[in-house]
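Here the structure is a predicted model, which is why all the values come from computation and not from measurement.
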Amino acid sequence: MSQVMFDLDVLRTFSTGIALGSFARAADKLGRSTSAVSAQLKKLESQAGTVLFRKAGRGLELTDAGETLLAYAHRMLELNDEASAAMRGADLQGSVRLGLQEDFGETLLPAVLGRFARAHPKVRIEACVARSGELRERLELGQLDLALAWDVGDQPLSPYAERVARLPLLWIGPRTPERVEAPWWTQREQSAGGARQPKSKEPLPLIMLDAPCPLREIVITALDKAGVPWRRAFGSASLAALWAAASAGLGLTVRTPFGLPSHVRAIDRSTLALPALPQISLVLYRAQALPEAPASRLAGLLLEAVRQHVQPVVLPMRENPPLETRTRAVRHGNAKLPAPVG
C-alpha cells in the first residue's frame, strides 16, 4: 500500500477554514474560488480515506477523524512555516528584549522562544516577567522592544500597541475532589423562594495579588456593589502563589482562562451568588511603529501563538468569531454558523 502524502496547501485551506469558521472566508483570505476550496476538501477526504465533516444544522462540524487531522495539520504547517522562516532569516542577527506577564511564562514562552531560536539562532533574546505597569514603564524607558500584557481599560494605549483579544474574568477556586467537602463559600442551599443562598454569612475570602493590581479594584468594586461581604485571605506578588492558595481552598481568586493551571477551576458564579465581572484586553506593546526585523518576527510568532491559545474561549478583536470548542462547526459557502454553546 502506497504512503499517503498530504498536500500542505490543502491542509492550509482546511486549517484556515476551521480557524475562520467559514470556508468561504478562507477562500477569500487565500485568494481562491469557493469551488477550488471545495475541490481541495474533497481531495483531503479522499487522501484521509474517511469522512472529515458531518452535517450540523445548516453548517458542518468536524468528525473525530477531522479533529485528529486538524491537530496534525497544525503541527505540519507550523514546521513548514518554521523551516520557511529559517531559510528567509538564516542571516537574521541582533537582539530582542521581550516582556511578559506571569500568565504567559509557562503557557507561551517555551514554545515561542523555541521556535524563534531554531529559526534564528544568531538572534539574542532577553526576556523578563513582570506586572503590566512595570512592563509599560520599561517600554517607555526604552528597556523593552515588545511586551505582552493585560489592559483593563483604565489607561490609553501607547501609539504602537495592538489589542489582540478580549478575555472574560472568572472566579477561580480549588478543584476539590467529590469525596472532600467543599469550603462553605462554594456551597449554596435552596431557600423557600427558590433562590440559592450562602450557607454562611461569613465574608468571602479573597486571594489577590498585592497592590498595585488593577484587578483588585475591579473585584472589590463588583463585590461591594453586589452587597457581598469579603475579606483578604491571602496576598502575594506571585501568581504561582495565588494558584497554590486557591488550590488549597484558602479562598477565591479572579483571573482570565488563559494559562489556568489544572489544579484550580473556574467557579460558576450563579451557584455562589457572585457578581459578574468584565472582560479585559490582551495587548501586544511595541516600542516603535516599525520594529527591527528580529522584534518584528518575534511579534508575529507571539500573535500567532496567542490567537491559537485563546481561540476556543474568546472573540478575537480583528478576526471573525472563532469556533465553539464543543461543536467545531464551520460554514460552507453561505450556510450559517450554528449558535455557540454556553
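- The existence of a salt bridge linking K43 and E45 is excluded, since no basic side-chain nitrogen approaches an acidic carboxylate oxygen closer than 4.0 Å.
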Step by step, work out the salt bridge (Lys or Arg N to Asp or Glu O under 4.0 Å) result for R138 and D145. CA-CA 9 Å; R138 291 193 179 192; D145 300 305; over 6 Å; no
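- In this structure, L146 and R286 approach most closely via the heavy-atom pair CD2-CG, 3.8 Å.
- Across every non-hydrogen atom of D210 and R232, the tightest pair is OD1-NH2, 3.0 Å.
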Go through it in stages, so that I can follow the logic: the residues are F6 and F14, the test is ring-ring contact (aromatic ring centres under 6.0 Å, His included), and I'd like the CA-CA distance, side-chain angles, deciding distance and then a yes or no. CA-CA 12 Å; F6 285 106; F14 173 55; 9.6 Å; no
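- When all heavy atoms are compared, the tightest approach of R97 to G142 is NH1-O, 2.8 Å.
- One distance of note links CZ of R131 with CG of L239; it measures 9.5 Å at 0.5 Å rounding.
- Annotation: the span from I267 atom CD1 to T253 atom OG1 amounts to 11.5 Å, rounded to 0.5 Å.
- The shortest side-chain heavy-atom distance between V152 and I218 falls under the 4.5 Å cut-off.
- Nearest heavy-atom pair, A240 versus E102, reported as atom, atom and distance to 0.1 Å: N-OE2, 3.3 Å.
- Side chains of L100 and L108 form no contact here, defined as non-hydrogen atoms less than 4.5 Å apart.
- For R75, the CZ atom counts as loosely surrounded, since its 6.0 Å shell holds 12 or fewer non-hydrogen atoms of other residues, nucleotides or ligands.
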For side chain to side chain contact (heavy atoms under 4.5 Å, CB included), just list the numbers for Q40 and R32, CA-CA rounded to whole Å, side-chain angles, deciding distance to a tenth of an Å, and then say yes or no. CA-CA 11 Å; Q40 284 189 315; R32 296 186 175 87; 3.9 Å; yes
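- L70 and V10 fall within the same hydrophobic cluster, defined by Ile, Leu, Val, Met, Phe, Trp and Tyr side-chain heavy atoms under 4.5 Å apart, directly or through other members.
- Of the residues listed (L209, L242, I280, V264), the one engaging R255 in a side chain to side chain contact (heavy atoms under 4.5 Å, CB included) is L209, and it is the only one.
- The minimum heavy-atom distance between L144 and L139, with the atom names listed, is O-CD2, 3.6 Å.
- By the 4.0 Å N-to-carboxylate-O rule, E304 lies close enough to R115 to be salt-bridged with it.
- Looking at every heavy atom in both residues, A73 comes nearest to L11 through CB-CD2, 4.1 Å.
- More than 12 heavy atoms of other residues, nucleotides or ligands sit less than 6.0 Å from atom CG of L141.
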Mind running side chain to side chain contact (heavy atoms under 4.5 Å, CB included) on T256 and L170 for me, showing each step along the way? CA-CA 6 Å; T256 74; L170 304 175; over 6 Å; no
How far apart are the C-alpha atoms of T68 and Y72, what are their side-chain angles, what is the distance that settles it, and do they pass the side chain to side chain contact (heavy atoms under 4.5 Å, CB included) test? CA-CA 7 Å; T68 299; Y72 280 107; 3.8 Å; yes
